[in-house]
Amino acid sequence: MQYTDTIYGDAAYMKSIYFITGSQDLYGEETLVQVAKDSKEMVSFLAEKLKDRADLVWCPTVIDADSCEDICLKATADKECVGVICWMHTFSPAKMWIRGLQALSKPMLHLHTQYNEKLPYDSIDMDFMNLNQSAHGDREFGFICTRLGIKRQVVAGYYKHEDVIAEIRRFADVAIAMSFSHGMRVAMLGNNMRDVAVTDGDRVESEIRYGWSVNYYGLGDVVDIISAVTEAETDAKMADYLTRYDMNTDDVASVRKQARYQVALEKFMAKERISAITDTFQDLHGMEQLPGLAIQDLMAKGVGFGPEGDYKTSALMAVLLAMAEGRKGATAFLEDYTYDLTHRSELELASHMLEVSPVFASSRPKIEVHPLGIGGKNPPARLVFDGIQGDAIAVSMIDLGDHFRLVCAKLELIQQPAPMPKLPVAQLMWKHIPDFKTSASAWIYAGGAHHAVVSTALTVEDIRLFAKLTGTELVVIDENTTLNSL
Ligand code: MN
């Protein structure tokens with residue numbers, strides 16, 4: 001569940017996806033009646049498969065340029081509509097689609113399928129061929145999409161096959177994430193960390209391309225909200241912590257500071273309708289600790305976060321959480337920290353100075369208070385835990401001046417080989433794919449940041465589709481990567 005939903009009580013909304021069937025008016029009424037009947041049956045089957053994610057809406061068959069334009073304008077104007085699925089039951093001359101496709105601003109899946117799975121060999125005649133000619137009509141439609149430069153996902157196969165349904169579900173996940181992204185508000189508490197390059201970026205271009213409204217807020221305004229947090233509100237937050245975390249410190253006063261920070265940040269985010277935030281240890285005026293526990297718990301509740309003013313990682317995390325909603329697995333920000341460079345069995349230790357999301361915890365996290373050697377503030381309370389295992393991806397967004405690039409690497413999260421009793425922060429460890437030398441070199445050549453969103457819920461294919469539909473350059477690092485091919 002997205003944090004924004006819980007704050008704003010908007011959980012009841014259901015995103016819709018239009019299913020648009022193409023035909024033409026040359027076949028006569030009888031054929032069009034059959035086209036409508038078939039497509040309704042197909043939509044009702046697919047709607048059942050998608051019902052937990054989106055509402056699949058059957059649309060009347062389009063038969064000419066006006067009906068194409070009408071339905072595409074409707075999809076564009078409908079705020080609940082996150083995407084469209086187009087399918088040509090018969091031939092549908094594609095010049096009639098030009099005005100409609102030019103008016104369409106929602107992500108498109110072109111479903112290349114048929115009403116019938118198998119050919120009826122003993123009864124097939126010309127009427128059957130004219131009615132069921134997606135092989136013909138979808139190629140005509142594909143041509144005009146390519147000619148117009150329409151970003152879309154083409155999914156080929158019988159619509160009842162599990163692989164086809166899975167691809168449609170992926171499209172729904174990505175379309176919902178893109179809809180969430182469009183108009184998302186991101187708050188920067190403090191600016192980008194001084195002199196750091198990769199975390200900076202063009203906020204105007206981010207809003208043009210992804211819809212992110214990224215704005216700076218004075219930390220003093222949040223400090224005022226912190227000052228007004230009551231003891232009762234702090235008590236309630238402490239009680240909430242203890243339902244999920246164990247106290248492993250006598251310094252309760254320091255933990256209560258984090259509870260106050262979190263109560264204040266939640267009030268601030270609700271008031272400003274914020275889905276993702278950044279902070280920086282270089283701008284903590286009026287605060288006694290860097291927010292640690294507070295940010296960790298907020299991330300677990302679905303708030304995007306980037307430290308040191310890294311708004312791109314923060315916003316990307318919120319978008320990827322929206323994409324992964326309802327799936328099993330963990331998604332949050334992490335930082336590349338240090339390596340075990342044992343030859344041919346290299347491992348990476350990922351963490352941050354405090355802010356590692358407890359969604360990555362392999363057992364119940366402990367609340368601890370330790371000094372922080374950076375920032376010159378009091379020892380902050382934080383959650384400490386060891387990380388989960390499993391297949392994962394790391395995704396980094398960088399700004400190359402004239403375009404954004406996503407770098408996506410496959411990882412294998414592993415159990416740490418030995419305890420690290422003196423490490424006062426949470427951590428994850430992973431193996432690189434295909435190997436350390438290839439993956440780390442490729443990431444560095446591609447310009448990937450030291451901050452990334454790590455997810456065990458999403459796959460390279462999800463990120464590939466997001467990149468395709470948003471027109472973002474993508475570099476994938478996986479088992480097929482070689483440095484020469486990169
Ligand atoms: Mn960092």
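Computation of the quantities below employed the complete heavy-atom set of this structure, encompassing side-chain atoms and omitting hydrogens, waters and symmetry-equivalent molecules. Whatever order the structure lists them in is the order used to number ligands and atoms, beginning at 1. Everything quoted here is computed from the prediction, not taken from an experiment.
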Who passes salt bridge (charged side-chain N to carboxylate O under 4.0 Å, His left out) against E288, sequence neighbours left out?
K257
Angle at the Mn ion (ligand 1) between NE2 of H451 and NE2 of H352, to 10°?
110°
Shortest-distance N, O or S atom of E335 relative to the Mn ion (ligand 1)
OE1
min-distance N/O/S atom, E308 vs the Mn ion (ligand 1), resolves to OE1
[Y] and [X], any side-chain heavy atoms less than 4.5 Å apart:
X	Y	result
L486	Y445	yes
L406	F466	yes
V223	L219	yes

